[in-house]
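Notes follow the structure.
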Amino acid sequence: MRIAVLGASRNTGKAFVEQAIEKDLQITILARSPDKLPFTEEQLSKIQVIKGDALVKEDVAKTIEGADIVICSLGAKVEGLSISGDIGVEETGAKNLIETIKEANAVTAPRLIMVSSTGVNGFYDVPYVFRPFYSLLLTKPHQHKVVAETAIKNSGLPYTLVRPALLTNGKLTKTYRADFGVCGYTVSRNDVAHFILEQCVLENKFINASPSIAY
């Protein structure tokens, strides 16, 4: 199985790559600065790295060529009450992915797995105490995630939209809950990566679905 990853240099994308190479899966990643990737030499020996940008359609095409699954873990950096980085990158990234896959006209299209967020499609999966925080800080980045999610849903391609609760840098616990409408406060990036790898990829679950994940 060949998996392409956009957003592999940090956070959930990085955690996914680290776990996936332990399963001897073929991993291709897209990176703006391959010399700055946060992987060991041993890990890099198991990864195909394409130098480029998710905002450049041609770079995306090179990365996903021949892939069975594409992981899209793009998004702005949210630290405390500040947001930085490429706000809206998930929207452009999703557009480039959809157009590239359709233009390739492969017999079997790869499945798109996007890391989104709880609270994107209403607050049914957000605890009451967190709702003011989501409304205050995450309205703008969530607008871009809504556009990306909608484009993927309407593309006609197989997909999974993974909606984690507030993300932390905690350890892998494997004790998370994941299903439509799951409501919780937090979940670690390592556990989200584990869910994507084990249940969405290896067990082939949640096709054309939007599961939330939390503790």
Side-chain angles (χ1 to χ4, degrees), residues 1-80 82-98 100-101 104 110-117 141 144-145 148 160 162 164 166-174 187-198 200-202 213:
M1 181 185 294
R2 180 156 179 248
I3 303 172
V5 184
L6 275 61
S9 63
R10 61 186 179 91
N11 297 338
T12 306
K14 173 180 176 287
F16 176 86
V17 170
E18 290 173 336
Q19 294 180 36
I21 58 178
E22 295 300 317
K23 301 285 187 179
D24 294 323
L25 298 171
Q26 292 181 317
I27 305 296
T28 302
I29 69 174
L30 178 62
R32 291 174 177 168
S33 303
D35 58 322
K36 296 181 180 180
L37 286 169
F39 301 110
T40 66
E41 289 298 323
E42 181 181 357
Q43 289 173 328
L44 286 170
S45 69
K46 302 176 183 179
I47 303 168
Q48 181 182 5
V49 181
I50 304 295
K51 179 178 173 57
D53 194 320
L55 301 179
V56 179
K57 190 174 173 181
E58 292 75 15
D59 295 341
V60 172
K62 292 177 186 176
T63 307
I64 70 172
E65 184 178 1
D68 301 296
I69 292 175
V70 179
I71 309 294
C72 183
S73 183
L74 301 170
K77 297 179 182 179
V78 179
E79 298 178 355
S82 66
I83 301 174
S84 61
D86 297 321
I87 297 175
V89 65
E90 57 269 69
E91 182 178 337
T92 305
K95 178 177 180 291
N96 286 341
L97 280 171
I98 293 166
T100 300
I101 292 170
R111 176 179 169 195
L112 290 178
I113 300 178
M114 174 186 168
V115 181
S116 185
S117 174
H144 296 290
K145 291 186 185 299
T160 302
V162 179
L166 193 65
L167 289 163
T168 74
N169 292 320
K171 296 180 180 179
L172 175 64
T173 70
K174 303 180 185 179
V187 67
S188 76
R189 294 177 172 90
N190 282 307
D191 276 325
V192 176
H194 183 269
F195 166 69
I196 294 172
L197 176 61
E198 297 293 337
C200 299
V201 174
L202 298 180
I213 174 171

For [X] and [Y], indicate whether the former's side chain and the latter's backbone hold a donor-acceptor pair under 3.5 Å.
X: N96; Y: A54; result: yes
X: Q48; Y: Q26; result: no
X: T92; Y: V89; result: no
X: D191; Y: T173; result: yes
X: T28; Y: T63; result: no

Next on the checklist: Let's go through L6 and L97 carefully: what are the C-alpha distance in whole Å and the side-chain angles of both, what is the deciding distance for side-chain contact (heavy atoms from CB on, under 4.5 Å) to 0.1 Å, and is it a yes or a no?
Outcome noted: CA-CA 10 Å; L6 275 61; L97 280 171; 4.1 Å; yes
Considering all heavy atoms, the nearest [X]-[Y] contact:
X: L55; Y: D53; result: N-OD1, 2.8 Å
X: P34; Y: V49; result: CB-CG1, 3.9 Å
X: K62; Y: I50; result: CB-CG2, 4.2 Å
X: V192; Y: P164; result: CG2-CB, 3.7 Å
X: L74; Y: G93; result: CD1-CA, 4.0 Å

Item to check | Other residues, nucleotides, ligands: >12 heavy atoms within 6.0 Å of K57 NZ | outcome: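 Buried by this count: over 12 neighbours within 6.0 Å.
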Checklist entry - Should we count NZ of K46 as having more than 12 external heavy atoms under 6.0 Å? => result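 Yes, because the 6.0 Å sphere around NZ of K46 holds more than 12 heavy atoms from other groups.
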Checklist entry - Can you check side-chain contact (heavy atoms from CB on, under 4.5 Å) on I29 and L37, steps first, answer last? => result CA-CA 10 Å; I29 69 174; L37 286 169; 3.8 Å; yes
Would you check if [X] and [Y] make a side-chain contact, meaning some heavy-atom pair closer than 4.5 Å?
X: V115; Y: E90; answer: no
X: I101; Y: L112; answer: yes
X: K23; Y: V201; answer: no

Item to check | Residues forming a side chain to side chain contact (heavy atoms under 4.5 Å, CB included) with Q43, sequence neighbours excluded | outcome: E18, I21, F39, T40
Item to check | side chain to side chain contact (heavy atoms under 4.5 Å, CB included) partners of E58, counting only residues at least two apart | outcome: V56
Between atom [atom1] of [X] and atom [atom2] of [Y], what is the distance when rounded to the nearest 0.5 Å?
X: S9; Y: K36; atom1: OG; atom2: NZ; answer: 11.0 Å
X: K174; Y: H194; atom1: NZ; atom2: NE2; answer: 4.5 Å
X: I69; Y: I64; atom1: CD1; atom2: CD1; answer: 13.0 Å
X: S73; Y: R10; atom1: OG; atom2: CZ; answer: 8.0 Å
X: M114; Y: I71; atom1: CE; atom2: CD1; answer: 12.5 Å
X: I113; Y: T160; atom1: CD1; atom2: OG1; answer: 5.0 Å

Checklist entry - When you look at C200 and R111, which way does the side-chain contact (heavy atoms from CB on, under 4.5 Å) test go after all the steps? => result CA-CA 10 Å; C200 299; R111 176 179 169 195; 3.8 Å; yes
Next on the checklist: For a side-chain contact (heavy atoms from CB on, under 4.5 Å) check, start with the C-alpha distance between L167 and V187, then their side-chain angles and the critical distance, and finish with the verdict.
Outcome noted: CA-CA 5 Å; L167 289 163; V187 67; 4.0 Å; yes
Next on the checklist: List the residues meeting side chain to side chain donor-acceptor pair (under 3.5 Å) with N169, not counting sequence neighbours, and say none if there are none.
Outcome noted: R189
